[in-house]
Amino acid sequence: MKDMMRGADIVVRSLIAEQADLIFGYPGGAIMPVYDALYDYHEQIKHVLTRHEQGAIHAAQGYARVSGRVGVCLATSGPGATNLITGLADAQIDSTPLVCITGQVAAHLLGTDAFQETDVVGISMPGTKWNIQVRTVEEIAPAIAKGFYIARSGRPGPVLIDITKNAQVDFGEFNYSPCLGFRSYKTHHPIEKTIIQEAAELINKAERPYLLFGQGVVLGKAESELKFFLDKSGIPAASTLLGSGALPQEHPNYVGKLGMHGNYAPNLLTNQCDVLIAVGMRFDDRVTGDLKRYAKQAKVIHLELDPAEINKNVRAHVAVQGDCRESLSMITEAIQAKSHPEWMAKFRELEELERSSVVQHDITPTKTGLTMGEVIHQINQYKADDAVLVTDVGQHQMIAWRYFNYKKPRTQITSGGLGTMGFALPAALGAQLYDYSRQVICVVGDGGIQMTIQELGTIMQTKAPVKIVLLNNNYLGMVRQWQQMFFDKRYSFTELDNPDFVKLADAYGIKAQKVSDRADLKEAVEDMLIHDGPFFLEVVVEKEDNVFPMIATGCSVEEVRLS
């Protein structure tokens, strides 16, 4: 006779079968049977109690992004489930694999406005790759198996499984079978050799070819294939925000970062290339600027797994749908070995202009106050090669991205597409709990950190050795920059009166230090990175520093500004 057990035990046993060794969550009435079952499996699956459900899902995102595995979180019904929505939307647009399990009122109460009943399936549908409501014990294991398969396969994304309370307490057979695919869901797209040949011919004839790479390279584990392609082709390459780390910055073909606050040359020269090769990126508006004036002179080759992204924003002359690890390898074999010294020299010339106009001000300033750039520059001097950078959203995010020295894949964790303030602290926690031995550096602003600052309590309880760097300018800095540049310096509700962050960290038992003098910065950064345990470093920076280069909304990439 097969094992008969409660549905709650089937949930936990199913998670164990999927090798989910670390989950994040917050208990409540409708998910309580699952929490009761977890009590008996604590040696096989570790649960981390966050201080808020949004903290739980962002922690699961951090875990997933650094590990490449599926992140898992639990929440109860009603407000517990709705508190996951921001994280679901964030994971959906940034292609992060998650399985989120929520409790729900008993099936016979659905639709009665019972206590803490919410239509979480309806609410979460636009922000999930797949969601389902499970109403019977027999449906639990198949739903979880299918959920994990969908979350991790193809273009990854978040899944939500809503389980009624009766399904959790009823008894049923446990017979778990991993999902290996189903008819209506296709993840592999055979790549046509004729398409590869078309791409190769365009590349071979190009005089000013240019490659843009995004997170798809990391998700597709195509870092080596990208490097081999660039070594053979001699083509300059630039990264999107989430593509950072897919190619070491020391690579001779690497020319910088794309986007609104990316580097000068990669943006400006987009409109001068003759062939534009996009690998695992979706032509986000922060990269393209005004689409009507974006790379109109170029033949576009788009290597992309998700067919929905092809021709969505930028028309591809050659669309290579499929796994970029496979397509890059095929194109590398088909192209001629070349170099483009004159074209590459244009990038280096503009790079020097940016260095003298912007970089020098940011990392070796002459003014009295500290800048965000010099803090990141100082971190680079002491961090490990595989250190993970986790950032929140705002000026500090852009500065950290610009100046952090990425050497390894999966070392860039941030909220890209949704731009979620409050993301960094719990995401850094999740990344650190995946590997206690690895340096995880969380760079936050004084606005964003206060949205999820309660997760300092989770860091205290887990003793996760996260290094938190708060760049404090007493402003919502990015909004203030826009107000300065486009709203006549009308600083409407962007200045912050902040608490004593050092006392706050101390209250959570986290070693903390505040730095406002340049003479103290180097020693403070070194002390933070060698400290055995969590550390909170507050750095007081210039209140009205701006992030440049910048492409203003509605402008063309060639209208990128240095000041």
Side-chain angles (χ1 to χ4, degrees), residues 93-95 153-157 186-206 208-247 251 253-255 257-259 266 270 273-284 287-288 291 294-295 298-338 340 409 416-417:
I93 199 166
D94 282 354
S95 304
S153 59
R155 180 178 179 177
K186 184 179 180 182
T187 61
H188 180 72
H189 305 273
I191 298 169
E192 298 178 25
K193 291 185 178 180
T194 54
I195 299 294
I196 294 295
Q197 196 57 45
E198 286 181 39
E201 287 176 8
L202 281 180
I203 294 167
N204 288 336
K205 292 176 182 177
R208 298 180 308 281
Y210 185 23
L211 185 141
L212 318 178
F213 63 91
Q215 187 186 205
V217 174
V218 177
L219 297 176
K221 301 178 182 179
E223 296 92 350
S224 294
E225 286 72 18
L226 175 63
K227 181 178 180 298
F228 293 150
F229 174 85
L230 295 174
D231 289 343
K232 185 175 181 180
S233 69
I235 295 175
S239 71
T240 67
L241 174 64
L242 296 186
S244 301
L247 184 72
H251 192 280
N253 296 49
Y254 182 74
V255 294
K257 301 171 176 69
L258 299 160
T270 299
C273 67
D274 57 1
V275 171
L276 186 67
I277 308 156
V279 184
M281 53 89 73
R282 57 189 179 86
F283 290 111
D284 173 75
V287 166
T288 65
L291 279 169
Y294 181 77
K299 299 288 186 183
V300 176
I301 301 169
H302 196 178
L303 279 61
E304 173 60 48
L305 181 66
D306 186 353
E309 296 296 348
I310 296 173
N311 295 323
K312 184 177 79 174
N313 294 326
V314 173
R315 188 178 73 84
H317 297 81
V318 178
V320 186
Q321 185 188 347
D323 186 332
C324 66
R325 186 177 186 181
E326 184 181 356
S327 57
L328 267 174
S329 181
M330 293 171 71
I331 292 175
T332 302
E333 188 175 342
I335 62 172
Q336 301 166 1
K338 295 180 74 174
H340 302 275

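As the structure is a computational prediction, the values presented were derived from the model and not from experiment.
Listed here is the closest heavy atom pair of Leu276 and Ala295: CD2-CB, 4.0 Å. Between Gly220 and Asp323, the closest heavy-atom pair is O-OD1, 4.2 Å. Taking each heavy atom of Gly416 and Leu241 in turn, the nearest pair found is CA-CD2, 4.0 Å. Across Cys324 and Val217, no two heavy atoms sit closer than the pair SG-CA, 4.0 Å. For the residue pair Ala334 and Gln197, the shortest heavy atom distance occurs at CB-OE1, 4.4 Å. Leu211 and Val279 get closest at one heavy-atom pair: CD1-CG2, 3.9 Å.
Here the CG-CZ distance, from Leu242 to Arg282, works out to 8.0 Å after rounding to the nearest 0.5 Å. Distance check: Ile335 CD1 to Ile235 CD1 gives 6.0 Å after rounding to the nearest 0.5 Å. Note: Ile331 CD1 to Glu326 CD = 11.0 Å, rounded to the nearest 0.5 Å. Atom NZ of Lys257 is separated from atom OG of Ser244 by 5.5 Å, given to the nearest 0.5 angstrom. In this structure, the separation between CG on Leu258 and OG1 on Thr270 is 6.0 Å, given to the nearest 0.5 Å. Atom CG in Leu212 sits 11.5 Å away from atom CG in Leu303 (nearest 0.5 Å).
The backbone N or O of Arg208 sits less than 3.5 Å from a side-chain atom of Asp274, completing a donor-acceptor pair. For Asn253 (side chain) and Pro236 (main-chain N/O), no donor-acceptor pair under 3.5 Å exists by modelled atom type. Judged by distance alone, the side chain of Asn204 and the main-chain N or O of Gln336 form a donor-acceptor pair under 3.5 Å. Side-chain N or O atoms of Tyr210 include one that pairs as donor or acceptor with a backbone N or O of Pro266 at under 3.5 Å. A donor-acceptor pair is defined here as one N or O able to donate and one able to accept, closer than 3.5 Å; no such pair exists between the side chain of Ser329 and the backbone of Arg325. Under the 3.5 Å distance criterion, the side-chain polar atoms of Glu192 are left unmatched by any main-chain donor or acceptor of Thr194. A donor-acceptor pair under 3.5 Å links the side-chain atoms of Lys232 to the main chain of Thr332, judged by distance alone. Within the 3.5 Å criterion, the main-chain N or O of Leu291 finds no donor-acceptor partner in the side chain of Thr288. Side chain of Asp306 to backbone of Arg155: no donor-acceptor contact under 3.5 angstrom is found. Judged by distance alone, the side chain of Gln215 and the main-chain N or O of Asp94 form a donor-acceptor pair under 3.5 Å.
In this structure, the side chains of Lys193 and Met330 come closer than 4.5 Å at one or more pairs of heavy atoms. Contact check for His317 versus Ile301: no side-chain heavy atoms found under the 4.5 Å cut-off. Between Glu225 and Glu223 there is no side-chain heavy-atom pair separated by less than 4.5 Å.
Annotation for Lys205: atom NZ does not count as buried by contact number, only 12 or fewer foreign heavy atoms lying within 6.0 Å. Other residues, nucleotides and ligands contribute more than 12 heavy atoms inside 6.0 Å of the NZ atom of Lys312. Within 6.0 Å of CD on Glu201 lie more than 12 heavy atoms contributed by other residues, nucleotides or ligands.
In this pair, Phe213 and Tyr254 present their aromatic rings tilted. The plane angle is within the 30 to 60° band.
No hydrogens or angles considered: nothing links the side chains of Asn311 and His302 as a donor-acceptor pair under 3.5 Å.
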